[in-house]
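Working notes, beginning with the structure itself.
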Amino acid sequence: MRLVADFLATGLHGVGLGVLLQWVGSLAGEWWADGTSYDLTVDPLTPIVGALLAASSLMGPLWRRRVRLVAFGLLIMFALYVGDTSTVYRLIAAIAGVVIGHILSGRARRVTWLKRSFGEARVIVAVGPLTSWLDPNGSGAFGLAGSFYGDIFPTASDINELCASSTSAVCDDVQRLAQLGGIGPIVQTFVPLALLLVAAWGLRRGRRFALWLGIVVNLGQIVLAFVFLSLIASFASTDTTDTTGLAAIDVGEYIVWGGSTVAVPAAVAILLFVHRKRFALKSPREAVIRFSVTVAAAFAVLALVYSVAGAFVVGAYIPQGTTIVELVLDLPRRFLPVTIIGVTQDALVPPPGLVLVLFQWIGPAFWAVFTLASLQLLNADDQTVRVGDHQRIRALLRRGGGGTLGWMTTWPGNVYWFNAAGDAAVAYRVINGVAITMSDPVCKPGDERQTVRDFAAFCDAHSWVPVFYSVHEQFLPVFDEMEWQCMSVGEETLMHPQTLEMTGKAWQNVRSSLNRGVREGMTTLWTTYDELSRPYIAQINAISEAWVSEKELPEMGFTLGALEEIKDPDVKLMLALDASGRIAAVTSWLPMYRDGKAVGYTLDFMRRADESMGGTMEYLIASSALHMKEEGVEVLSLSGAPLAQAPVPKGEEPPAPTVMTGLSEFLAKTLEPAYGFSSLFKFKAKFNPSYSTIYMAYPDPLALPTIGGALGKAYLPTMSAKEAVSLVRTLVR
């Protein structure tokens, strides 16, 4: 019932107030009201839009802000650039919907303004002219471009008709004007729009280059507006016969259209300059140099090609008598919009042929290069590790913090954020605009909330989507306060060596592997990579290479270490040696410190030789746990099992399934043939561990597809086409 009531109320308000506004305008002789008097009045979208905006009052702050921002942005844009009665009625209905929804929502009667990012507003302003092109007959105040661009250049029939009744000088001018047309110059008229879209995209990312690009383009728009209006006025004043189809312009329309085409870009340029401090992110120096060289080279090559080609036919240029010097001096105008060319001075037009093609297309070609180079520059992020960052993160990890997975933050591929005090850090990597962290934040107990918030603010300043990946349960209250979404991404399996007793039926398989290893003369060696002899290093390399070569699928990274990660001097290795002294299996253990002392280890790298006995890995892990018990280690983590879910304790009801748990189960089953996540989880269950769920926290559910793609690239950064085919084939089988 409420939907029907909102539908009718907003529809009646939109149409009723719109008709009243139009009637009052027509009585006053207002040009828009007169020009749209025959437009469609009843439009079903009017009450639909009103009902949607009324319903937005019942949404949460995030979605209420989004719905209203997008809806009003589009409605205002269409009203200004198209300007028919339907667009205006929809806008009125939307305003009525917000007011009605606020009254009926039951919240406090005060109006709450939802904050709007400047970047989003700037995108809407930049996209506006495109709508004008989509409806050339638009009646909106900002619809100037679509009203006249198609009428600048005369057609062949116009030329023939004009030349039959005019002087030869007028005929020559019109023919030259026609040669200034063509697809290339028309494409070049879109250059300001393309640059505005690039600037809007960069502004959303907080880029300083986009700020100045937006200011320069808007100032250029003002210059183009004056030039263009002067050109139209000259046609309207001199061509009284209207042989080219140019009609006289109403003075009122000329003032409104002219004022809007100057006032809007001027206001945007001023607004950008006033808020320039919001766009402080500079591109890396290398990216700036690459951009400058690319743009300069493109200009030089295109200019040289055109100049050389034009020199061969300079005698055939119009006007006659054109010299090579004049051709070179005229060259910069090839990169300007055609309206500038047509009014600044006489245009030098080549004869039909290759040179005319170059004449028309070197401008669009240059601006295409400039646009692509600008996008590359705006997309360049400084993802380099600064000198001393590795030492700083290791010092913080030795003090304590980061959790059982914290030492993974030292791996290659991560960059580091440190708070202002330097006593908290987050390791992350940016992929496709998503800042993915690794492990818990490295901070003192009690500083978790502030560390998470500060890093999220840092990401927001860079227009990245922050994603805290592989964080533990103690951080969930922080994300709940921030109204973020959390989902389980796996289960970490934990053992506690100081209370470890391998007795009872549950340990039978592990004890059997231990006893068999002892009978076959196996021994263990607790060491580091730097302490290994060259024969041992060669054997580990051979075991690892054999393991990798047996798999057609790409080796995963990110939270899964490989051979390079075991070379860290702080990482411990536990080797299983057979009776002959050869390495049968190898495991690596990442340290977890407290006050400089290792109080825990996390299993990472696991490889065993093909000819080793069955149960070697069980023997090696059990031996490691017993060794850690002797060393006083408090916690042993068998690391996380991706996409796994902890078994439900006996006597407890399993939690109700959700969309996310269903998705995790589906992914686990799908990827099992390729990577055996479920098999790995079952293997770790042999050691009777306790379970600790690891989570992914993210601010926006709409970003999940982007986050999923970024995580896929993080785990498989170097996957080749052949490996991708093998992965698909394995999954299908």
Side-chain angles (χ1 to χ4, degrees), residues 62-63 66 201 204-205 379 381 383 405 408-409 411 413-415 426-440 452 455-456 459-460 462-472 475-476 479 482-492 553-561 639-645 657-678 680-681 693-721 723-732:
L62 177 64
W63 286 103
R66 283 181 171 170
W201 184 73
R204 184 182 63 84
R205 297 169 60 88
N379 199 41
D381 289 315
Q383 295 300 307
L405 308 178
M408 295 179 182
T409 61
W411 290 355
N414 293 320
V415 291
V426 174
Y428 67 97
R429 56 186 71 189
V430 177
I431 302 174
N432 298 336
V434 179
I436 310 171
T437 73
M438 180 183 285
S439 84
D440 298 335
V452 169
F455 179 75
C459 292
D460 183 61
H462 287 76
S463 295
W464 298 331
V465 178
V467 175
F468 282 84
Y469 191 78
S470 294
V471 294
H472 290 85
F475 285 86
L476 295 187
F479 298 119
M482 299 169 64
E483 297 185 344
W484 283 25
Q485 306 293 316
C486 297
M487 64 175 292
S488 168
V489 293
E491 293 289 336
E492 186 178 13
L553 304 176
E555 190 173 8
M556 301 185 78
F558 191 37
T559 60
L560 303 173
S639 196
L643 304 175
Q645 296 183 26
T658 64
V659 174
M660 289 304 176
T661 57
L663 177 62
S664 297
E665 291 178 0
F666 170 76
L667 291 175
K669 292 179 181 178
T670 303
L671 295 174
E672 177 62 22
Y675 291 105
F677 293 145
S678 298
L680 178 63
F681 188 58
T693 304
I694 49 180
Y695 296 90
M696 178 179 74
Y698 53 96
D700 185 0
L702 289 183
L704 267 178
T706 304
I707 294 171
L711 286 171
K713 193 171 182 180
Y715 275 108
L716 299 169
T718 60
M719 184 169 62
S720 64
E723 290 171 333
V725 171
S726 298
L727 176 59
V728 172
R729 187 188 302 121
T730 302
L731 297 180
V732 170

Distance check, rounded to the nearest 0.5 Å: Ser439 atom OG versus Trp411 atom CH2?
10.5 Å
Close side-chain approach of Tyr469 to Ile694, heavy-atom, < 4.5 Å:
no
Shortest non-hydrogen contact from Ser470 toward Asp440
O-OD1, 3.7 Å
If you take all heavy atoms of Pro466 and Pro699, which pair is closest and at what distance?
O-CD, 3.1 Å
Run the numbers on Thr437 and Phe455 for side chain to side chain contact (heavy atoms under 4.5 Å, CB included), then give the verdict.
CA-CA 10 Å; Thr437 73; Phe455 179 75; 3.6 Å; yes
Within-4.5 Å side-chain heavy-atom neighbours: Tyr695 and Leu476:
yes
Straight-line distance of Met438 CE to Met408 CE, nearest 0.5 Å
7.0 Å
Would you indicate whether the side-chain heavy atoms of Met482 and Val452 approach each other to under 4.5 Å?
yes
Within-4.5 Å side-chain heavy-atom neighbours: Leu704 and Gln485
no
Rounded distance [0.5 Å steps], CD1 in Ile707 versus OH in Tyr698:
7.0 Å
Is the backbone of Arg429 close enough, under 3.5 Å, to the side chain of Asn414 for a donor and an acceptor to pair up by distance?
no
Centroid separation under 6.0 Å, is that true for the rings of Phe479 and Phe468?
yes
As an exercise, state the distance from CZ of Phe475 to CH2 of Trp484, rounded to the nearest 0.5 Å.
12.5 Å
Tightest non-hydrogen contact, residues Tyr428 and Val426, listed as CD2-O, 3.7 Å
Are Leu711 and Ile436 side-chain neighbours, meaning at least one heavy-atom pair lies under 4.5 Å?
yes
